[in-house]
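So you know, we letter chains A, B, ... as the sequences are listed, proteins then strands, and number each from 1. Keep in mind that what you see is a predicted model, and the values were worked out from it rather than measured.
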There are 2 protein chains.
Amino acid sequence: MEGDRNPQHPDVHTLTLQQVLEALVDPVRRSIVTRLHEARTDLKCGSFDLPVGKSTATHHFRILREAGLIRQYYAGTARMNALRYAEIDEVFPGLLGAVIAADRAASSRLAPA
Amino acid sequence: MEGDRNPQHPDVHTLTLQQVLEALVDPVRRSIVTRLHEARTDLKCGSFDLPVGKSTATHHFRILREAGLIRQYYAGTARMNALRYAEIDEVFPGLLGAVIAADRAASSRLAPA
DNA sequence: ATCAAAGTTTGACCGACGTCGTACTTCGTG
DNA sequence: CACGAAGTACGACGTCGGTCAAACTTTGAT
């Protein structure tokens, strides 16, 4: 069975601003969200090239999932991640967009084209 | 002289998203920002009725000031606080408004009229 | 059947942050 | 001048969050 491998995702209406901000305040997690938004596609955990070990990466993905920012599901051995942009924007209008825009600006300032 | 009592305020263009988010992630500080925005007026530190001691309150006001979110100045013995809304919104468009709106919604849900 | 790839889980560590109490400073007022 | 009000400065303390390494699980491929 594949029940245990499909983790729980919180309903959007149960999310708190506190949780969302705590998730977005970490630079690593914010880079995941921004990257996911730029890609416009679901991405596997491995494709992020994060500056931390695997176990730490797992930790960050769980924080994001529990905050309601991403949805996770398995495709073979790879765990896919989808940004729950529209759902979040429904509950916290403009928030995610503003953070992502600001993060993109900051990143491009650090790593210019 | 009154030089030492007028603290430094960072230029808006030196602010980082990281600093701003770190400032806004604390509930006490967020309540200060939200209150300041609702009041549409500068407020003295004492008028916030925060659930922490005086020294902790001073700490929070400093974090907000160094993040560029508020401007502080003295009026007699009282220290006044002004929200730098327009300046912040210029650098991080929509961010502060979205956070405040979400925070107001959360607060009204906890303490209904 | 074996093996490697991809994540997870667990436990430990450490530095940072929020908190407090106390002492101190500065200003207005009786 | 003396006193109280309003904050600030300084340590100290406890907790929580990000980090890692090592062992484990599950899946796909050989």
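B/Thr77 contributes no side-chain N or O that forms a donor-acceptor pair with the base of C/dG28 under 3.5 Å. Between the base of D/dA21 and the side chain of A/Ser55 there is a donor-acceptor pair shorter than 3.5 Å.
Heavy-atom contacts from other residues, nucleotides or ligands closer than 6.0 Å to CG of A/Asp49 number 12 or fewer.
Between the side chain of A/Gln19 and the backbone N or O of A/Glu66 there is at least one donor-acceptor pair closer than 3.5 Å. The backbone N or O of B/Ala82 sits nowhere less than 3.5 Å from a side-chain atom of B/Asp42 that would complete a donor-acceptor pair.
Mapped onto DNA chain D by nearest heavy atom, A/Gly76 and A/Ile63 fall at different nucleotides, with A/Ile63 at the one closer to the 5' end.
Residue A/Phe61 is out of contact with every strand shown, counting any heavy-atom pair closer than 4.0 Å. Counting any heavy atom pair closer than 4.0 Å across all strands shown, B/His60 reaches sugar-phosphate atoms only and no base atom.
Rounded to an integer number of Å, the gap from CD of B/Glu66 to P of C/dC17 is 11 Å. In this entry the distance linking NZ of A/Lys54 with C1' of D/dT26 reads 12 Å, nearest Å. We find that CG of A/Leu64 is positioned 14 Å from C1' of D/dG18, with the value rounded to whole Å. When the P atom of D/dG7 is taken as reference, atom CZ of B/Arg62 falls 16 Å away, rounded to whole Å. B/Asn81 places its CG atom 12 Å from the C1' atom of D/dA6, with the value rounded to the nearest Å.
Side chains of A/Leu95 and A/Ile88 form no contact here, defined as non-hydrogen atoms less than 4.5 Å apart. For the pair A/Thr16 and A/Val20, the minimum side-chain heavy-atom distance is 4.5 Å or more.
Considering only side-chain N and O atoms, B/Thr56 lies under 4.0 angstrom from the phosphate OP1 or OP2 of C/dC20.
Residue pairs meeting the side-chain hydrogen bond (donor to acceptor under 3.5 Å, both in side chains) criterion with at least one partner in residues 25-41 of chain B, sequence neighbours excluded, are A/Gln18-B/Arg30, B/Arg29-B/His60, B/Arg30-B/Asp103, B/Thr34-B/Asp103, B/Glu38-B/Arg104.
Listed by residue number, the members of residues 22-45 of chain A with any heavy atom below 4.0 angstrom from DNA chain D are A/Asp26, A/Arg29.
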Legend entry - Working for side-chain hydrogen bond (donor to acceptor under 3.5 Å, both in side chains), residues A/Tyr73 and A/Asn81: CA-CA 7 Å; A/Tyr73 60 95; A/Asn81 303 275; over 6 Å; no
